[in-house]
S.K.: 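Mind looking over this structure? Questions follow.
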Amino acid sequence: MDRYEPLKIEEKWQKIWDEEKAFKAYEKPGVPKMYVAEMFPYPSGAGLHVGHVRNFTIVDVLTRFYRQQGLNVLRPFGYDTFGLPAENYAIKTGTAPQEVTKVNIDNFRKQAKRLGYAVDWDREINTSSPEYYKWTQWCFLQLYKKGLAYQKESYQWWCPEDQTVLANEQVENGKCWRCGHEVEKKKMKQWFFKITEYADELLADIDALDWPEKIKTMQKNWIGKSTGAEIDFEVEGGAPHITVFTTRPDTILGATFLVVAPEYAGLEALTNDNTREAVFAYKVKSIKKSEIERQENKEKTGVFTGSYAINPATKEKIPVYVADYVLAGYGTGAIMAVPAYDDRDREFAEKFDLPIVEAELIDRDAYGTPKTTYKMRDWLISRQRYWGCPIPIAYDKEGNPHPIPEDQLPVLIPEVEDYKPDNSGRSALAKAKDWLKVTIDGEEMTRETDTLDGYACSSWYLWRYTSPHDSEHAWDQEAIKYWAPTDIYVGADHAVAHLLYIRFWCKFFADLGYLPFREPVKKLIYHGYINAPDGKKMSKSKGNVIDPLDVINDGYGADTLRTYEMFIGPVELDAAWDPRSVGGVYRFLNRCYNLCMASDSNSGSRPAGPSPWAAGANSRAAALRNTPNPESEAIRHKTIKKVTEDIYHQNFNTAVAALMEYVNELYKVGASEEDLVVLAKLLMPFAPHLASEMLEKLGANDEWPKWDDKHLVSDTVEVVVQVNGKLRAKLSVNASELDDEEKIVEMALNDEKVKKYTENGIKKTIFVKRAKLVSIVV
RNA sequence: GCCCGGAUGGUGAAAUUGGUAUACACGUAUGCCUUAGGAGCAUAUGCCGCAAGGUGUGCAGGUUCAAGUCCUGUUCCGGGCACCA
């Protein structure tokens, strides 16, 4: 008889699945569909890590589970390939990012196939391929046409060392993530998507989503809706009035001064000859102030502008200050300070010796107009990077932007010698002199050299998967109607950014009539990270990285790796890798294999000698083939129910535990062929290669088994007896007697162990049929 | 500071509406077998105790016949946001 040799079995089945295109998805009108996807990976040079495996395996368990249930399942795979690592590598080595990307994708695909994923490999997408980014550019143009892609001059993080703009997430503790140089703010003209246009709907629709509460809360906080009012304050001396935003217009009688942000547009008009120099110096200093200083030192600073405003409620003259605790990007960039009601204003007032008035509250609408504001800002999408999707815009001689006509898409990324940004503040695209020139409507123009934030590329890929090779449309209307929205989306990152952007684009394209739904993802599974055995984050520098391919090649195989990662703990929690538990899962699969193969009556040469099991279970299992096994029937049905319900609820760890329990039981009572078929079917989502091998041996299909409730109840049941809440006895009772409360209570009271505690009389007895429990109070 | 989570054996963790706390796995111990393997199989394993029994889900209270689960307070840990007026 053969030993369990996972590497051999897995190679065999992977070849079969590949050749048969076993998981190719077609639209089947009338057949219920299921669309599951992971957040597609960035294919790094390091290959798959154990976190990818957890991510992909969750999707695979769901894919196979729903397939086995007869649903038409779409499970695609793709690569998010634009971004800095490939560009950095290009800058360092001179290798084109296109080449690096291709090598990394090939490696990722090869590795993913070694895990046996049930992917429709004909639907692969790659965001940096021209066939794909042509349509990213098309999406940009739709937003542009509707006025939702626009240019604005604003202050951005700038790294003076690398001469480039940085995104917020690329600034770590006030320093450039690449060179570690302190970043500063620089005013630049940049492209934005007007996500704020959808702020209200993005907020309102959160509640109905079947997403983890944690993510929903984070999105709500990110959008940060506040309702209040805008109030105009006239300024003495002819400067334009100042409009403030406040959530507490009822406190206006206590407003004893105004504060504007250093970047406030009308700041200069508020100054006079005496204050201008100090105000300007303060402004420059504030804008330069590093993020570190802002975080560490919240000491209030500010300067008097020289102007006074009139409080419209009190008619009093109040001073106008400039201070960096007021943020330019929120509200109007100006506030009315009410030190009696606001801690920050009080702190400022105390420092600058300004009056603090405990005034009474008034009607909220008395002096202002109701106004809603959001913390969420528009989405800055310009990147001065080479390795990104070119923004399909060109400028005329006056510098006015013009969209590239759709029939001229894609705007291809030009080939250059050096990918590094230069001192011009423009991306390396600017070095492609010929590429820069473009003629639109007979007019010579110059192309935009900024590229799009990578998040734009991933904002619509879930729809591209439904018709990945459509050369006429971003997505096909029939395909999108059948497959989308995504039923289950699985990831471990991007709680606000990506998961908010796809919602924004979904609503936008729904408004244009391109999507028949307004939320892209019905259910979100947000799983935890896998840490190193020492509980710390895995990292190359710490040398504690577990390579999933090593685990496979060590002989454990993909099935063990997959099953272990599902067994490691609750899906939403972080977990620490435990090499010894991997061995435990391997033992479990090995027991499954042996149980199945040992039951074959042709195999008389099982390796074990006269051990209690080998002699007993081997022959017993063989003898029980094709005969109902009343001993295993109850546990079989119980296991089907447990595994089915656990997978529905994403309790993968307890589903695996239930299978282990089942196998342990079969080792005790022997396994019928039916038991083994059910075991193989239930094992399929977790360990598909082994399960396929078992089913082949057993001559069965992989249709998901059903349980029958009538097999879940046994003839005799155990009733527990508590005295004063403490467990004192267990009664074995005929199941039919459970309805006879009187008899069961009598049995409980007559139990020898119980009698010891009831000598002094009984206050009352409680029988709970559902819990099979008698509670006696003495 | 604010908003979310979480705390159960030596370890990772289970536990429908409140109803036998610790399933499953690791580790450990003992034994069996041996084609000698870091394999397989069996039994035991919360803590104290020889036992009867007692005790036990971060801590302190409360509700209840009954609390890991509900309520009040508190400590610690993790995550998110952070001068958003």
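Heavy atoms only: backbone and side chains are in, while hydrogens, waters and symmetry mates are out. Throughout, a chain's letter reflects where its sequence line sits, starting with A, and its residues are numbered from 1.
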S.K.: Find which nucleotide of RNA chain B each of A:K730 and A:N590 is nearest to by heavy atoms, and output the residue with the more 5' nucleotide.
M.R.: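 Final value for this comparison: A:K730.
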S.K.: Taking the P atom in each of B:rA29 and B:rA13, what is the distance between them to the nearest angstrom?
M.R.: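 24 Å, rounded to whole Å.
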S.K.: When you compare B:rU22 with B:rA44, how far apart are their C1' atoms, in angstrom units rounded to a whole number?
M.R.: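 Those two atoms are separated by 16 Å.
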S.K.: Base, sugar-phosphate, or nothing: which does A:T765 touch, judged by heavy atoms less than 4.0 Å apart?
M.R.: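 Nothing, no heavy atom under 4.0 Å.
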S.K.: Using a distance-only test with no angle check, is there a side-chain donor-acceptor pair under 3.5 angstrom linking A:H494 and A:Y455?
M.R.: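 The criterion, which ignores hydrogens and geometry beyond distance, is satisfied for A:Y455 and A:H494.
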S.K.: To the nearest Å, give me how far apart CG (A:L573) and C1' (B:rG12) are.
M.R.: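 Value for this atom pair: 11 Å.
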S.K.: In whole Å, measure the gap between the C1' atoms of B:rU16 and B:rC26 for me.
M.R.: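 Per the computed distance, 28 Å lies between those C1' atoms.
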S.K.: Per the side chain to side chain contact (heavy atoms under 4.5 Å, CB included) rule, which among A:V721, A:V720, A:D751 passes with A:K730?
M.R.: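 Output: one option passes, namely A:V720.
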S.K.: What nucleotide among B:rC24, B:rA85, B:rG54 has an atom nearest to a side-chain atom of A:L327?
M.R.: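 The answer is B:rA85.
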S.K.: Regarding A:D200 and A:Y374, is there a side-chain donor-to-acceptor distance under 3.5 Å anywhere?
M.R.: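 Present: a donor and an acceptor within the cut-off.
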S.K.: Write down the distance between CG (A:D554) and C1' (B:rG38), rounded to a whole number of angstrom.
M.R.: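 Taking CG of A:D554 and C1' of B:rG38, I get 13 Å after rounding.
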S.K.: For A:E213, answer base if it contacts any base atom (sugar-phosphate contacts may also be present), sugar-phosphate if it contacts only those atoms, and nothing otherwise; contact means non-hydrogen atoms under 4.0 Å.
M.R.: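 Nothing: the residue A:E213, judged by heavy atoms under 4.0 Å, touches no strand.
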S.K.: Would you say the side chains of A:S226 and A:Y330 form a donor-acceptor pair under 3.5 Å?
M.R.: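 Present: a donor and an acceptor within the cut-off.
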S.K.: Under 4.0 Å between any heavy atoms, over every strand shown, what does A:Q722 touch: base, sugar-phosphate, or nothing? Just pick one.
M.R.: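 Base contact.
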S.K.: Is there a side-chain contact between A:Y330 and the phosphate of B:rA85, meaning an N or O under 4.0 Å from OP1 or OP2?
M.R.: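 The answer is yes; a side-chain N or O of A:Y330 sits under 4.0 Å from OP1 or OP2.
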S.K.: Which nucleotide in the list B:rA42, B:rU20, B:rC26 gets nearest to the side chain of A:Y667?
M.R.: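 The nucleotide sitting nearest to the side chain is B:rA42.
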S.K.: Round to the nearest Å and state the distance from A:I635 atom CD1 to B:rA23 atom C1'.
M.R.: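 Result: 11 Å.
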S.K.: Under 4.0 Å, counting only non-hydrogen atoms across every strand here, what does A:N653 touch: a base, just sugar-phosphate, or nothing?
M.R.: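 Answer is sugar-phosphate: A:N653 comes under 4.0 Å of backbone atoms only.
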S.K.: Could you tell me if the side chain of A:W222 sits less than 4.5 Å from the side chain of A:L500, heavy atoms only?
M.R.: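 Heavy-atom side-chain distance check passes, below 4.5 Å.
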S.K.: Please lay out, stage by stage, how A:E645 and A:K641 fare under the test salt bridge (charged side-chain N to carboxylate O under 4.0 Å, His left out).
M.R.: CA-CA 6 Å; A:E645 291 179 349; A:K641 181 180 189 324; 3.3 Å; yes
S.K.: Partner lookup for B:rA60, please. Criteria are Watson-Crick or G-U wobble with both distances under 3.5 angstrom; report none if nothing qualifies.
M.R.: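 WC or wobble partner is B:rU72.
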S.K.: Check this one for me: any side-chain N or O of A:T217 less than 4.0 Å away from OP1 or OP2 of B:rG80?
M.R.: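 Checking A:T217 against B:rG80: no side-chain N or O falls below 4.0 Å of OP1 or OP2.
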S.K.: Verify the distance criterion only: is there a donor paired with an acceptor across the side chains of A:T301 and A:Y325 at less than 3.5 Å?
M.R.: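 Side chains of A:T301 and A:Y325: no pair found under 3.5 Å.
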S.K.: Go nucleotide by nucleotide along RNA chain B from the 5' end; which of A:M218 and A:M336 gets its closest nucleotide reached first?
M.R.: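 With A:M218 and A:M336 compared, the 5'-side residue is A:M218.
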S.K.: With heavy atoms under 4.0 Å as the rule, sort A:K764 into base, sugar-phosphate or nothing.
M.R.: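 Touches sugar-phosphate only.
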S.K.: Quick one: is B:rA66 close enough that its OP1 or OP2 comes under 4.0 Å of any side-chain N or O from A:R770?
M.R.: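 Checking B:rA66 against A:R770, no side-chain N or O comes under 4.0 Å of OP1 or OP2.
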S.K.: Mind checking the C1' distance from B:rU20 to B:rU57? Whole angstroms is fine.
M.R.: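 One C1' to the other, the span is 15 Å.
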S.K.: Go ahead and name the base partner of B:rA52; Watson-Crick or wobble counts if both distances stay under 3.5 Å, otherwise write none.
M.R.: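 In the structure as shown, B:rA52 has no Watson-Crick or wobble partner.
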S.K.: Is a donor-acceptor contact shorter than 3.5 angstrom present between the side chain of A:K300 and the base of B:rC83?
M.R.: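 Yes, the side chain and the base share a sub-3.5 Å donor-acceptor pair.
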S.K.: Which nucleotide, B:rC65, B:rA85, B:rA25, lies nearest any side-chain atom of A:S581?
M.R.: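 Out of B:rC65, B:rA85, B:rA25, the nucleotide with an atom closest to A:S581's side chain is B:rA25.
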S.K.: From the options B:rC24, B:rU20, B:rA85, select the nucleotide whose nearest atom is closest to the side chain of A:A657.
M.R.: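 Taking heavy atoms from C-beta onward, the closest nucleotide is B:rC24.
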S.K.: Are there over 12 heavy-atom neighbours, none belonging to A:H649, within less than 6.0 Å of that residue's NE2?
M.R.: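 Atom NE2 in A:H649 is not packed in, count stays at 12 or less.
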S.K.: What's A:R377 touching, base or sugar-phosphate or nothing? Going by heavy atoms closer than 4.0 Å.
M.R.: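 Base contact - A:R377 has a heavy atom under 4.0 Å of at least one base atom.
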S.K.: Ignoring the backbone of A:D578, work out which of B:rC3, B:rC26, B:rA25 is nearest its side chain.
M.R.: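 It is B:rC26.
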S.K.: Between B:rU20 atom P and A:F767 atom CZ, what is the distance in whole Å?
M.R.: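 So the CZ-P distance, A:F767 to B:rU20, works out to 14 Å.
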S.K.: From the options B:rA23, B:rA85, B:rG19, select the nucleotide whose nearest atom is closest to the side chain of A:A771.
M.R.: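 Of all the options, the side chain of A:A771 is nearest to B:rG19.
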S.K.: Side-chain N or O of A:R591 less than 4.0 angstrom from OP1 or OP2 on B:rA42?
M.R.: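 Yes, such a contact exists.
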S.K.: Looking for any heavy atom pair under 4.0 Å, which part of the strands does A:F567 touch: base, sugar-phosphate only, or nothing?
M.R.: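 The answer is base, as A:F567 lies within the cut-off (heavy atoms under 4.0 Å) of a base atom.
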S.K.: Checking all strands, does A:G584 fall into the base, sugar-phosphate, or nothing category for heavy-atom contacts under 4.0 angstrom?
M.R.: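 If one applies the 4.0 Å heavy-atom cut-off, A:G584 turns out to touch the sugar-phosphate alone, with no base involved.
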S.K.: Does B:rC24 pair with anything, Watson-Crick or G-U wobble, both distances under 3.5 Å, and if so, with which nucleotide?
M.R.: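 B:rG12 is the nucleotide pairing with B:rC24.
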S.K.: In whole angstroms, how far is the P atom of B:rG19 from the CG atom of A:L773?
M.R.: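 Taking atom P of B:rG19 as the reference, CG of A:L773 is at 10 Å.
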S.K.: Could you state the interatomic distance from CG (A:N653) to CG (A:D646), rounded to the nearest 0.5 Å?
M.R.: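 Those atoms lie 8.0 Å apart.
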S.K.: Given that both distances must come in under 3.5 Å, which nucleotide forms a Watson-Crick or G-U wobble pair with B:rA42?
M.R.: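 Paired with B:rU30.
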S.K.: Which whole-number value in Å describes the distance from A:W222 CH2 to B:rC2 C1'?
M.R.: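 From A:W222 CH2 to B:rC2 C1': 17 Å.
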S.K.: Would you mind classifying the nucleic acid contact of A:I568 as base, sugar-phosphate or nothing, using non-hydrogen atoms under 4.0 angstrom?
M.R.: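 Contact class for A:I568: sugar-phosphate only.
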S.K.: Is the distance from OP1 or OP2 of B:rC24 to the nearest side-chain N or O of A:R587 less than 4.0 Å?
M.R.: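 Answer is no, no contact under 4.0 Å.
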S.K.: Given the C1' atoms of B:rG40 and B:rA52, what is the spacing between them in whole Å?
M.R.: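 The answer is 40 Å between these two C1' atoms.
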S.K.: Using purine N1 to pyrimidine N3 plus N6-O4 or O6-N4 for Watson-Crick, or N1-O2 and O6-N3 for G-U wobble, each under 3.5 Å, what pairs with B:rA66?
M.R.: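 The base-pairing partner of B:rA66, which may sit in any strand shown, does not exist here.
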S.K.: Which part of the nucleic acid does A:K772 contact within heavy-atom distance under 4.0 Å: base, sugar-phosphate only, or nothing?
M.R.: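 Counting heavy atoms under 4.0 Å across all strands, no contact is made by A:K772.
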S.K.: Which one, B:rA13, B:rG79, B:rU20, comes nearest to the side chain of A:P570?
M.R.: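 Among B:rA13, B:rG79, B:rU20, the one nearest the side chain of A:P570 is B:rA13.
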S.K.: Given the P atoms of B:rC47 and B:rA23, what is the spacing between them in whole Å?
M.R.: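 Pairwise P distance, B:rC47 against B:rA23, rounds to 13 Å.
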S.K.: Of the nucleotides B:rC83, B:rC24, B:rU20, which has the atom closest to the A:D324 side chain?
M.R.: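 It is B:rC83.
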S.K.: Distance check, C1' atoms only: B:rC3 and B:rU8, in whole angstrom units.
M.R.: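 26 Å, rounded to whole Å.
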S.K.: Taking atom P of B:rA15 as reference, at what distance in whole Å does atom CG of A:N651 sit?
M.R.: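 Going from CG in A:N651 over to P in B:rA15 covers 7 Å.
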S.K.: Please pick, from B:rA25, B:rC26, B:rC65, the nucleotide with the shortest atom-to-atom distance to any side-chain atom of A:R580.
M.R.: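 Side chain of A:R580 sits closest to B:rC26.
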S.K.: With syn defined as a glycosidic torsion within 90 degrees of 0 and anti otherwise, which applies to B:rG9?
M.R.: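 In terms of base orientation relative to the sugar, B:rG9 is syn.
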S.K.: At less than 4.0 Å, is any side-chain N or O atom of A:N664 found next to OP1 or OP2 of B:rA25? Yes or no.
M.R.: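 Checking B:rA25 against A:N664, a side-chain N or O does come within under 4.0 Å of OP1 or OP2.
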S.K.: Could you measure between the two C1' atoms, the one in B:rG53 and the one in B:rC59, and give it in whole Å?
M.R.: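 It comes out at 27 Å once rounded to the nearest Å.
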S.K.: Select base, sugar-phosphate, or nothing to describe what A:V768 touches, counting heavy atoms under 4.0 Å on all strands.
M.R.: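 Answer is base: heavy atoms of A:V768 come under 4.0 Å of a base.
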S.K.: How close or far is atom P of B:rA23 from atom CD of A:E645, stated in whole angstroms?
M.R.: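 So the CD-P distance, A:E645 to B:rA23, works out to 21 Å.
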S.K.: Would A:N594 and A:R3 count as having a side-chain donor-acceptor pair, cut-off 3.5 Å?
M.R.: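 A:R3 and A:N594 do not have a side-chain donor-acceptor pair below 3.5 Å.
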